[in-house]
Amino acid sequence: MKINTAEFIISNSDAAKCPKEFLPEYAFIGRSNVGKSSLINMLTNNKNLAKTSAKPGKTQLINHFKINNNWFLVDLPGYGYAKVSKKTKSTFQKFITDYFETREQLVCAFVLIDIRHEAQNIDIEFMSYMGESEIPFCIIFTKADKIGKMKIQSNIAAYKKQMFANNWAEMPQYFITSSLESSGKEELLAYIDEVNQEVFKNNSEF
Ligand code: GTP
Ligand code: MG
């Protein structure tokens, strides 16, 4: 699939104020600094579309980007940012869980995981929450440029083992990406295209 247009529509901290248009949408979630906003820019060929930063905690709101006038990419704030006190923020901010629990247009979430790291409790916890809430999701391993090909394979094998150890019967579908090198882009866009076609065909709400 080719992305011809990508436009910023709205930012907000209230799931109820997200765009009313009933178009399929895909949300990017994961730890702060994992590369959610960078991946949106990589997919859309626009370095300035989503705001990125070397410091964690850059994205603070729900951001809707309309793609090809036909579907949405959604950039979300990260979780697990230690600097924000527990008083002001629960582990997963309420407006984010509200978004996941109420957003009918959400057809798939992408949970981003830094490929260099072992499975972290907070990610496993978030994926369990997605499973319990029956929200379809895939894993996207990010920053693949930071390690070699062999290490990528062994880290993924280790990740799978940790998922099984945490009672996951099977590894969710996953993608390996690098925003720096634009790798994984075709696979991810092909997947989105496939899901779009399926929901437009089978879900009369769209
Ligand atoms: P928050 O909005 O704070 O939750 O972070 P985020 O997940 O949106 O991360 P962001 O895209 O802002 O990227 C964080 C840092 O990681 C930036 O310095 C990016 O340049 C860097 N980064 C993101 N993706 C990649 C990648 O694929 N490779 C490398 N080497 N660096 C990356
Ligand atoms: Mg961000």
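Both counts, for ligands and for their atoms, begin at 1 and track the order of listing. It should be emphasised that the depicted structure is a prediction, and the values quoted were computed from it without experimental measurement.
Comparing D75, T52, T59, D145 by heavy-atom distance to atom 26 (C) of ligand 1, the nearest is D145. With atom 3 (O) of ligand 1 as the reference point, the heavy atom nearest to it among A54, S179, S32, G57 is part of G57.
Without hydrogens or angle criteria, T5 side chain to N68 main chain gives a donor-acceptor distance under 3.5 Å. A distance-only check finds a donor-acceptor pair linking the side chain of K36 to the backbone of R31 [under 3.5 Å].
Nearest heavy atoms, Y159 versus E118: CE1-C, 4.3 Å.
Under 4.0 Å from ligand 1, the heavy atoms of S53 that appear belong solely to its backbone.
Under the 30°/60° scheme for interplanar angles, the aromatic rings of F22 and F206 are found to be tilted.
At least one N/O/S atom of T59, whether from backbone or side chain, sits less than 2.8 Å from the Mg ion (ligand 2). Among the atoms of S32, no N, O or S atom is found under 2.8 Å from the Mg ion (ligand 2).
Ligand-side atoms of ligand 1 in range of S178: 27 (O), range being under 4.0 angstrom from any heavy atom. For ligand 1, the atoms sitting less than 4.0 Å from at least one non-hydrogen atom of G78 are 4 (O), numbered in the order shown with element in parentheses. The ligand atoms of ligand 1 that sit less than 4.0 angstrom from a heavy atom of K58 are 1 (P), 2 (O), 3 (O). Ligand 1 places these atoms under 4.0 Å from at least one heavy atom of P56: 3 (O). Of all atoms in ligand 1, numbered sequentially from 1 with element shown, those under 4.0 Å from a heavy atom of K146 are 29 (C), 30 (N).
Within the structure, ligand 1 lacks T142 among the residues with a heavy atom less than 4.0 angstrom away.
Outside the 6.0 Å centre-distance limit, the rings of F137 and F126 are not counted as a close aromatic pair.
The shortest contact between atom 19 (C) of ligand 1 and any protein heavy atom is with S38 OG, 3.8 Å.
Cluster annotation: F8 is not connected to F72 through the hydrophobic network of ILVMFWY side chains, with a link wherever side-chain heavy atoms come within less than 4.5 Å.
Defined by atom type and a distance below 3.5 Å, a donor-acceptor pair is present between the side-chain atoms of Y129 and E101.
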